[in-house]
Amino acid sequence: MSELLSGRDHMGVLNAGSFGVSSVTNSLSDVHSSFPEPTTGEGSRSPTPGLTAAFDPGRFHDGAVDIVSRLTTYLGDRSVRGLDLLDPAVLLKAARGLMTPERQRIADFDADRVNQIVDLYTGTGIPVYSPGYMGRQFSGVVPLASLIDLVGSVVNQPSSFYEAGQLPSVAERLMAEELNRFIGWNRDRFAMVTTSGGSLANLTALLAARDRAFPQIWTRGTGGMSGLPAIAVSEEAHYSVTRAAGVLGIGERQIVRLPVDRAGRIRPDLAGPVLDEAHRRGLRLFCLVASAGTTSMGAFDPLEELAAVARRHGLWLHVDGAHGASLLLSDRHRDRLRGIEQADSLTWDAHKMLFMPAPCTLLFYRDGAAARGAFRQRASYVFDEEPDIYSAYDSADKNFECTKRPMIMPLWTVWSVYGPALFAQKIDRLCAVTRQAYRMIDAEPDFAVVHEPESNILCFRYRPDGLEPATVHRLQLEIRNRIRDGGRFFISKVDIDGVAALRVVVMNHLIDADHLAMLIAEIRDIGQRVLRASAAARHDQRNGSYS
Ligand SMILES: Cc1ncc(COP(=O)(O)O)c(C=O)c1O
C-alpha cells in the first residue's frame, strides 16, 4: 500500500508539471501565497470541540458496539410476527421526541437517544426476518451484506465513476461477468449498469430501446415524426414499465397490451395479431417488454416464443426480471427463463431474490454499444473525451444517476465469501415452500388457489361455496386487513380478473409447513367471523326494516 501511495505522490508532482504550473510559478507554495490568508473569521480557527467530537472514531466504535448488539438481538428474534402498524401521528410524536431541542450549539452525544432511535427503527416496519412476513418481494438480507453496506456508508464511494469508487466499479465488472454466465451473452459485447431499483432500470432500458429505433429523438424530440412511438407490454406488466413509458412521452394509447393466459403469461399466439393491428393503427412499435416473474403471480412469460415475435416485428425485447431473473442461478428453476439469451436487455433486482439491502438493481444489455444510446450527452466535468484505463470502468454514461450508492458491494462481497450456491439454495427452498403452500391450500375445501406457483408467489382466495363474486372480493380485502391488524402474519392482496385475491410471497427460508398451517387456520378463522358478522348485520337490517 505504501508503495502505491508513494506512486500516487509521484504522479501528483508529474501532473502539476504537465499542467504547466511550474512554468508560471516556481512551486505550489507560490500558488498558495498568491491568495490572501484568512486572518479572521471561521477559517482561521480550529474546529469547535463539538464538531471534532461528532467525527471522533472512538465515538463511532462505541456507538457501533451498542447498535450491533441491538441488531444482533433483532436478527435472533424468530417469533412469528406480522406488522405492528402504528398510527402515523403516534410515531411522529415519538420520533419528534427523540430530536434534540439544541439549535445554537452542537448537542452533546447522547448514546441513549441513538439507542432509542435504533429501537424505534427496528420496532416499527415490516419484520422481514420473521416467518410471519410473507407479503412483499423484499426480504431480510444476508447479514454480511448489511455489514458491507455499513462499510459503504463510512467510506462513501459513489459508484458511477471509477475515480470516485474504485473497488465498487471493479466489483460491478466482476459481478456482471459472474451473472452473465447465467444469462449467456457474448462476454465481449454485453454491458451491465447498476440502478437504484427496477423501476429506474426499466426506464433506462426503454430509453436505450427507443434510441435504437429512433436515434433522432434525443436531439429533435418526436416533433415531425410520422406515427407515434409505441411499446408492447403484458397486461400483467409492473406499473413501473407503463410509468416509464409516460416519462418517455409515450401516452396510454401508445401502450399496446398483450393478452395473458390464466397463469398471467403473455400468449405468444395472440401477440402477433395484436402487434399487426397496432402497426395498422399507425403506431411505431419499438419495444416488447416481457416479464420474468410478474408481480401479481410470479408468472414467467415464454421468452423464446416472444423473442421470435419481437424479431419478426423488429422490436427490442426487454425482459423485466426484477423479481424472477434470480431463478437463473437455480439448476431447478433456470428453465423458466429459457430464451433469455435472445433478449436485448434484462432488469434484475438483487434486493428481491438475491436478498440484498434495497435498492440494488442490475440492468444488463446484450449489446454494450446500445447501452450508451440511453443517454447521449456531453459534460466535460465528468465525461472524458479521450477514454483512458480508468474511465473504461465509469458507468455514468449509461445510467441515469450521477451520484449513486455503491450498491454492488454487498452483493459482490456475499458472492465472493459464500459463492453462488447460497443464492441457489435459498431460491430453491423458497420455491419449494411455495409449492407446499399451494398443495396445502388446494386441499382445503373452503379455499381456492388462483394459479400453480411458478416461483415463490402464490395467490389464492378464501371462498366457501355460495358466495357472490362481489362478496368474495370484499371478503379477501377484509381478511387481508384483519390479518395485518392481528400482527401475527403479514400478507398482501392483488386483484386478479377484477376480484381480489390473497397473495403470499415466500421470502424467508425459515417458513415451514407449521407456519403455513397457522396462516391457513388464521385466514379461515377471520373469514368465518367476517361472514358471520355480515350475516348478522343483514339479519338485523331486515328485522329493522320490518319494524
Ligand atoms: C416485475 C417487477 N418489475 C419492476 C418492479 C419495480 O422494481 P423496484 O421496486 O425495484 O423499483 C417490481 C417491484 O416489485 C416488480 O415486481
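As the structure lists them, so they are numbered: ligands from 1, and atoms in each ligand from 1. Here the structure is a predicted model, which is why all the values come from computation and not from measurement.
Taking every heavy atom of Thr295 and a limit of under 4.0 angstrom, the matching atoms of ligand 1 come to 1 (C), 2 (C), 15 (C), 16 (O). Near Gly293, meaning under 4.0 Å from any of its heavy atoms, are these atoms of ligand 1: 1 (C). Less than 4.0 angstrom separates some heavy atom of Gln137 from each of these atoms of ligand 1: 14 (O), 16 (O).
In this structure, His351 counts as a contact residue of ligand 1, since one of its heavy atoms falls inside 4.0 Å of the ligand. By the 4.0 Å heavy-atom criterion, Asp349 is counted among the residues contacting ligand 1. Ser240 counts as a contact of ligand 1, since one of its heavy atoms falls under 4.0 Å from the ligand. No heavy atom of Ser291 sits closer than 4.0 Å to any atom of ligand 1.
Considering Glu454, Glu235, Glu305, Glu452 as possible partners of Arg265, the one that fulfils the salt bridge (Lys or Arg N to Asp or Glu O under 4.0 Å) test is Glu454. The one candidate from Leu83, Val80, Val128, Ile491 that meets the side-chain contact (heavy atoms from CB on, under 4.5 Å) condition with Tyr133 is Val128.
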> Does the side-chain contact (heavy atoms from CB on, under 4.5 Å) test come out yes or no for Leu458 and His451, once each step is laid out?
Replying inline: CA-CA 7 Å; Leu458 176 65; His451 64 115; 4.1 Å; yes
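Judged by the 6.0 Å distance and 45° axis criteria, Arg480 is positioned over the aromatic ring of Phe490. At least one cation-pi condition fails for Arg334 and Phe182: the charged atom is not both under 6.0 angstrom from the six-membered ring centre and inside a 45 degree cone around its axis.
For atom 3 (N) of ligand 1, the closest heavy atom belonging to the protein is Asp320 OD2, 2.6 Å. For atom 7 (O) of ligand 1, the closest non-hydrogen atom of the protein is Lys352 NZ, 3.3 Å. In this structure, atom 11 (O) of ligand 1 lies nearest to the protein heavy atom Ser199 OG, 2.7 Å. Among protein heavy atoms, atom 8 (P) of ligand 1 sits closest to Gly198 N, 3.4 Å.
In terms of polar-atom proximity, defined here as any N/O pair under 3.5 Å, His323 makes no such contact with ligand 1.
The shortest side-chain heavy-atom distance between Pro357 and Phe138 does not fall under the 4.5 Å cut-off. Residues Trp348 and Met192 form no side-chain contact, since every pair of their non-hydrogen atoms from C-beta on lies 4.5 Å or further apart.
Across every non-hydrogen atom of Ser234 and Val260, the tightest pair is OG-CG1, 3.5 Å.
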